[in-house]
Peer 1: 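The structure's right below; bear with me while I get my questions together.
Below, chain A is the first sequence line, B the second, and so on; all start at residue 1.
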There are 2 protein chains.
Amino acid sequence: MYTILQEQILKRVKLTKEEFALAKTYFIPKKVRKRQFILQEGEICKSLAFISKGCLRNYSVDDKGEEHIIRFGIEGWWISDLHSFTTGSPSMSSIDAIEDSELLLLEKSSYDKLCAAIPKIEHYFRILLENTNSAAMKRISDLISVPAEERYLNFLKTYPEITQRVPQSQIASFLGITPQSLSRIRKDLAEKK
Amino acid sequence: MYTILQEQILKRVKLTKEEFALAKTYFIPKKVRKRQFILQEGEICKSLAFISKGCLRNYSVDDKGEEHIIRFGIEGWWISDLHSFTTGSPSMSSIDAIEDSELLLLEKSSYDKLCAAIPKIEHYFRILLENTNSAAMKRISDLISVPAEERYLNFLKTYPEITQRVPQSQIASFLGITPQSLSRIRKDLAEKK
DNA sequence: AAAAATTGTTAACCTATGTTAACGGAAGTT
DNA sequence: AACTTCCGTTAACATAGGTTAACAATTTTT
């Protein structure tokens with residue numbers, strides 16, 4: 001269960017076996033079933049969740065009750081409502097499982113202690129956050145400058161695994177369009193060829 | 001010139017005078033005039049820029065030659081193309097000055113050395129990146145779920161200073177709409193009252 | 001196996017936003 | 001002061017994407 005976590009960390013910093021063994025003790029394993037929440041809007045996000053298996057989504061709900069997917073997460077990714085987690089304020093988004101999943105939870109106090117105990121872990125998170133940030137900026141850039149059809153094609157290229165695992169309506173939601181629009185776009189693309 | 005930097009760092013971590021004096025030595029001051037580039041698309045982003053005075057923008061240019069503002073930066077903020085900076089790959093965005101500005105540049109090698117030399121600075125950047133990330137996620141959430149009119153109102157509330165300092169056409173660009181659309185939205189808002 | 005819920009598609013119609021173009025005022029330049 | 005560029009507004013028209021609703025296919029639940 002910790003293998004993927006170890007791999008992901010070793011990609012970015014060189015931890016000894018001993019250091020990793022110590023790091024492991026800060027995490028709490030948790031299994032969740034499909035559709036189960038790990039965070040509901042209004043709750044405080046108490047943990048960063050490392051996904052060792054499965055697929056989850058982070059989404060917000062608008063005035064009309066429509067869900068908008070802020071991000072997906074699969075094996076090897078972290079998922080949380082970072083704003084709620086870091087500030088301790090109520091979350092404005094929810095997180096639930098798209099598939100039965102296995103998580104390693106890192107609570108706020110553990111996160112702080114772990115970063116203080118092993119500086120290389122703080123370094124790991126700094127690098128991780130740099131990467132997450134780059135991806136977020138790319139997504140923002142796309143949302144303000146790239147038409148939906150092209151955003152869809154980019155999505156297929158960037159996240160082929162996710163494409164296979166989640167319903168199209170959720171990909172539409174992630175892209176910021178309705179499922180009907182995505183269906184129309186797919187039809188147009190099929191005709192073009 | 002370093003006062004604002006010191007304030008911003010002290011907000012997040014407690015540095016001694018000596019540590020800050022050491023940290024200062026890693027930065028290179030630079031003044032830029034309005035319209036001057038600090039990064040052009042295709043170049044490698046060699047520095048993180050701390051803005052001690054002025055206002056800059058980070059933007060991309062689409063196929064049609066339209067500019068899309070990814071983010072603004074004013075006093076106390078950092079600006080860069082983080083993806084290019086961290087990976088050393090050519091940037092897909094540009095950064096230029098909206099006003100005459102004063103910067104403190106932190107080159108990649110200095111950034112790495114500084115974080116290694118003063119762990120509290122690495123901690124500072126980790127926290128900074130957490131905050132930047134939260135803001136980016138909020139913006140993504142808005143772009144996929146909030147109509148343009150409301151995004152504009154949110155912008156006015158969130159960035160009142162920027163509203164005063166940049167042309168409306170650039171705010172439109174940041175919001176992901178055309179200047180004409182923003183003008184129309186403003187007209188509608190004025191009529192509603 | 002039957003019933004219910006979820007998913008993807010299509011179509012008719014509607015609305016927000018983009019496009020193009022023109023105008024006037026403000027600001028910057030010579 | 002004259003000239004030029006930039007800026008915001010408006011209007012007519014075009015279009016991408018949203019809305020509503022119906023239907024079939026699939027999956028899940030009973």
Peer 1: Between the protein and nucleotides 22-30 of chain D, which nitrogen or oxygen pairs come in under 3.5 angstrom?
Peer 2:
none

Peer 1: Output the distance between atom CD1 (A:Ile51) and atom CD (A:Gln8), rounded to the nearest 0.5 Å.
Peer 2: 10.5 Å
Peer 1: So, OP1 or OP2 of D:dG18: does either fall under 4.0 Å of a side-chain N or O from A:Lys64?
Peer 2: no
Peer 1: Starting from the 5' end of DNA chain C, give me the residue, B:Pro147 or A:Ser181, whose nearest nucleotide shows up first.
Peer 2: A:Ser181
Peer 1: Before giving the answer on salt bridge (Lys or Arg N to Asp or Glu O under 4.0 Å), spell out for A:Arg184 and A:Asp188 the whole-Å C-alpha distance, their side-chain angles and the decisive distance to 0.1 Å.
Peer 2: CA-CA 6 Å; A:Arg184 184 158 40 195; A:Asp188 290 352; over 6 Å; no
Peer 1: Between the base of C:dT20 and the side chain of B:Gln180, is one N or O donor paired with an acceptor at under 3.5 angstrom?
Peer 2: yes
Peer 1: Using only heavy-atom distances, decide whether a donor-acceptor pair under 3.5 angstrom links the side-chain of B:Arg184 to the base of D:dG8.
Peer 2: no
Peer 1: Within this structure, what is the CD-to-C1' distance between A:Glu66 and D:dT19, rounded to whole angstrom?
Peer 2: 10 Å
Peer 1: Using a distance-only test with no angle check, is there a side-chain donor-acceptor pair under 3.5 angstrom linking B:Ser110 and B:Glu107?
Peer 2: no
Peer 1: Could you tell me how far apart B:Glu99 (CD) and C:dA27 (C1') are, to the nearest whole angstrom?
Peer 2: 15 Å
Peer 1: Among B:Ile79, B:Leu56, B:Leu48, which residue meets the side-chain contact (heavy atoms from CB on, under 4.5 Å) test with B:Leu103?
Peer 2: B:Leu56
Peer 1: Calculate the interatomic distance between B:Ile177 atom CD1 and D:dT15 atom C1'; express it in whole Å.
Peer 2: 17 Å
Peer 1: If I take atom CZ in residue A:Arg186 and atom C1' in nucleotide D:dG17, what distance separates them, rounded to the nearest angstrom?
Peer 2: 17 Å
Peer 1: Measure the distance from CZ on B:Arg33 to P on C:dG28 and round it to the nearest whole Å.
Peer 2: 14 Å
Peer 1: Do any side-chain nitrogens or oxygens of A:Ser183 fall under 4.0 Å of OP1 or OP2 in C:dT9?
Peer 2: yes
Peer 1: If the cut-off is 4.0 Å, is A:Lys187 near the phosphate of C:dG8, judged by side-chain N/O to OP1 or OP2?
Peer 2: no
Peer 1: Grab the CD-P distance between B:Glu149 and C:dT17 for me, whole Å please.
Peer 2: 8 Å
Peer 1: Just the rounded figure in Å: distance from C1' of D:dC6 to CD of B:Gln170.
Peer 2: 11 Å
Peer 1: Relative to each other, are the rings of A:Phe27 and A:Trp78 parallel, tilted or perpendicular (30° and 60° limits)?
Peer 2: tilted
Peer 1: Taking the six-membered ring for Trp, are A:Tyr159 and A:Phe72 closer than 6.0 Å centroid to centroid?
Peer 2: no
Peer 1: Starting at CG of A:Leu182 and ending at C1' of C:dT7, how long is that distance when rounded to a whole Å?
Peer 2: 12 Å
Peer 1: Does OP1 or OP2 of D:dG18 have a side-chain N or O of A:Thr178 closer than 4.0 Å?
Peer 2: yes
Peer 1: Can you find a side-chain donor-acceptor pair between B:Ser93 and B:Asp81 that sits under 3.5 Å?
Peer 2: yes
Peer 1: With a 4.0 Å cut-off on heavy atoms, is B:Ser169 in touch with a base, just the backbone sugar-phosphate, or nothing at all?
Peer 2: sugar-phosphate
